[in-house]
Each structure stands twice: as C-alpha cells, then as structure tokens.
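To start, the structure under review is shown below, and the notes come after it.
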Amino acid sequence: MIPISDDVRSRTFPIVNIAIIIACTLVFLYELSLNAIDADRFFNDYAVIPAALNHWVNHPHGLRVPATVISSAFLHGSLLHLAGNMVFLWVFGDNVEDALGHVPYLAFYLISAVGAVALQVAVDTSSAVPMLGASGAIAGVLGGYLLLYPRARVDVFLFPFIIPIAAFWLIPAWFLLQLVSGLATVGDTSASSGVAFWAHVGGFLTGLALMLAARPFVAAHKSPSRPSRTRRVW
C-alpha cells in the first residue's frame, strides 16, 4: 500500500520537508555517479555500521562514527528505496512541519533518526552491514502525524484501487507490521543484510514520544471536510 495524499492541508510552505527530499535526491544522484568500489567506500564512510557505532559508544573517539547516524538518513540503496521513502515523507511530513514549525520539525526529524539507529544497533550490535535510509526518521514523522491527525483521511494506492483509510487505522497497522517483521529477525543473522525493521520501530516510538511531549504546545489544525466521492473501497 502506497499513501499518495491526505486531507490535511498545510497552512505554511513546508520548506524543511522539501529541502530534505531534495537533499536525499541529490545524494542519490551522486551515488549513481560512483563506480562500484567508490560506492562501497562511500557507504562505509557515511552509513551506520552497527558494530563500529557500538564500539564507539564503549570507546568514544572522534566524531566521524557518530556523525554517520545523521548522514545515513540521507543515503539510499536504490531508486525504489528512495522513491518509497520520499513518497511517505511528502504525504505526512508537511503537516507535521506545519504543526511544529520549521526549525522544531528539523530537530524532530533528526532526533527520530537517532532513535531509529539506537534501537537497530541495540538489537544488532555486531553487524558490519552498512545501514542507510531515511525510513527511520520518516517513521518518527508517522508517529507524530498519528498523534496530531488521527482522524485524517489518507488515500492509499492499492493496485488497481485508491482506498481512503483513516490515519488511526493505517499508521498503527504499518507499525504493527514493522514490529512483527522485526521480531521475526531476532536471532536470524542472515536478516542483518535486509530491511532494518527495528530502525522503523525505534524511529516511530521516538517520534511518538517527542510529539507526546510537544503536543500541549502544538496547535494542529483540523482536517477540512471534503465532499464525498464515488470510490471503490474495501
């Protein structure tokens, strides 16, 4: 299921959200310019390597290793990886930025990325496989969106239909899928080279906690009612 739009309209221009999308896209275009050897070197330098980060936590030295917690959130392994993440960010990020404000939203996004990496590394401390992608930070955005706009309607593309689903059903279902998938990887060393489900869980919980703390100070606007349309729904 791919979210394509929601019924919450931003009151401000989402400059930070768009800047993140542009930055991720430009970094990916740079990745495409690299040959295989340089690309491997690039990912080893700027993606998170759990074993290296775990070693740094126990023996802090320099800033290069912890800096990968942020830089990894702007890297993607394929066009499909990039496109999937950016679609989620495009649909949900502008409304969270609108509610929080530009600078707080950037802090919210980056802290969610840190929370995502923290849980993934805690679960898989010895992995030498580079971990990259914006999905952990975007999971935090989903957690924030759920608290701000639980009744928002999200239009989801499920070939060949477009299905409207309330956020309070869609986002928890997505989170449950990540959690179950993460639990299925526990103890399976071969899973370390696949999807970092625990990063999704960690990012989501971080975003949820941050928004719970910020909620009393955030004035999220209500979703405007839209005229009903004839749709095929489940």
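Here the side chain of D7 pairs a donor or acceptor atom with the backbone of R153 at under 3.5 angstrom. Between the side chain of T125 and the main chain of A122, no donor-acceptor pair closer than 3.5 Å is present. In terms of modelled atom types and a separation under 3.5 Å, the side chain of R215 and the main chain of V218 share a donor-acceptor contact. Looking at W56, its side chain does come within 3.5 Å of a backbone N or O of G62 through a donor-acceptor pair. D98 places a side-chain N or O within donor-acceptor distance of the main-chain N or O of R11, the cut-off being under 3.5 Å.
Hydrophobic clustering, with ILVMFWY side chains joined whenever heavy atoms are under 4.5 angstrom apart, groups V186 together with L205. L176 and F168 fall into different hydrophobic clusters, where Ile, Leu, Val, Met, Phe, Trp and Tyr are joined by side-chain heavy atoms under 4.5 Å apart, directly or via other members. V195 and L177 fall into different hydrophobic clusters, where Ile, Leu, Val, Met, Phe, Trp and Tyr are joined by side-chain heavy atoms under 4.5 Å apart, directly or via other members. L212 and F217 fall into different hydrophobic clusters, where Ile, Leu, Val, Met, Phe, Trp and Tyr residues are linked whenever their side-chain heavy atoms come under 4.5 Å apart, directly or through other members.
In this structure, S112 and A137 approach most closely via the heavy-atom pair CB-O, 3.8 Å. The heavy-atom pair separating R64 from D45 by the smallest distance is NH1-O, 3.4 Å. Across A152 and V8, no two heavy atoms sit closer than the pair CB-CG2, 3.6 Å. The heavy-atom pair separating P130 from A47 by the smallest distance is CB-CB, 3.8 Å. Of all heavy-atom pairs spanning A73 and A134, the tightest one is O-CB, 3.3 Å. Taking every heavy atom of both residues into account, P14 and D94 meet most closely at CB-CB, 3.7 Å.
Within 6.0 Å of atom CG in L63, 12 or fewer heavy atoms from other residues, nucleotides or ligands are found, so the atom counts as exposed in its surroundings. For F175, the CZ atom counts as densely surrounded, since its 6.0 Å shell holds more than 12 non-hydrogen atoms of other residues, nucleotides or ligands. Annotation for L26: atom CG counts as buried by contact number, over 12 foreign heavy atoms lying within 6.0 Å. By the 6.0 Å contact criterion, OH on Y30 is open, its count of non-hydrogen atoms from other residues, nucleotides or ligands being 12 or less. Atom CH2 of W90 has 12 or fewer neighbouring heavy atoms from other residues, nucleotides or ligands inside a 6.0 Å radius.
Taking 4.5 Å as the limit, some side-chain heavy atom of V27 sits within range of a side-chain heavy atom of E31. The closest side-chain heavy-atom distance from E97 to T12 is not below 4.5 Å. Two residues are said to be in side-chain contact when any heavy atoms from C-beta on lie closer than 4.5 Å; M1 and I165 meet this criterion. No side-chain heavy atom of I49 sits less than 4.5 Å from a side-chain heavy atom of T68. Contact check for F204 versus L179: no side-chain heavy atoms found under the 4.5 Å cut-off.
For the atom pair L146 CG and F92 CZ, the distance stands at 10.0 Å (nearest 0.5 Å). The structure places OG of S78 at 6.0 Å from CZ of F28, a figure rounded to the nearest 0.5 Å. Put simply, CG on L132 and NE2 on H76 are 7.5 Å apart, with the number rounded to the nearest 0.5 Å. The distance from the CG atom of L142 to the CG atom of L147 is 11.5 Å, given to the nearest 0.5 Å. Going from atom CG of L29 over to atom CG of L79 covers 9.5 Å, rounded to the nearest 0.5 Å. Note that the CZ atom of F159 and the CD1 atom of I2 stand 11.5 Å from one another [nearest 0.5 Å].
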Fill in: Stepwise side-chain contact (heavy atoms from CB on, under 4.5 Å) check, W198 with V201
CA-CA 5 Å; W198 288 110; V201 173; 4.1 Å; yes

Discussion item. Walk me through whether F13 and I18 qualify under side-chain contact (heavy atoms from CB on, under 4.5 Å).
Written reply: CA-CA 9 Å; F13 185 75; I18 290 176; 3.5 Å; yes

Item to complete: Assess whether side chain to side chain donor-acceptor pair (under 3.5 Å) is satisfied between D6 and Y145, documenting all intermediate values.
Response: CA-CA 11 Å; D6 68 347; Y145 187 98; 2.6 Å; yes

Worksheet item: What's the verdict on side-chain contact (heavy atoms from CB on, under 4.5 Å) for T206 and I111, showing C-alpha distance, side-chain angles and the deciding distance?
Response: CA-CA 8 Å; T206 301; I111 294 171; 4.0 Å; yes

Practice prompt. Give the intermediate values and the outcome of side-chain contact (heavy atoms from CB on, under 4.5 Å) for residues F108 and M211.
Written response: CA-CA 9 Å; F108 177 92; M211 191 57 71; 4.0 Å; yes

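Checking each of V141, V16, N17, L210 against Y109 for a side chain to side chain contact (heavy atoms under 4.5 Å, CB included) leaves exactly one that passes, namely V141. Of the options I21, I22, I20, a side chain to side chain contact (heavy atoms under 4.5 Å, CB included) to C24 is made by I20 and by none of the others.
Ring planes of H55 and H61: perpendicular class, angle over 60° (limits at 30 and 60°).
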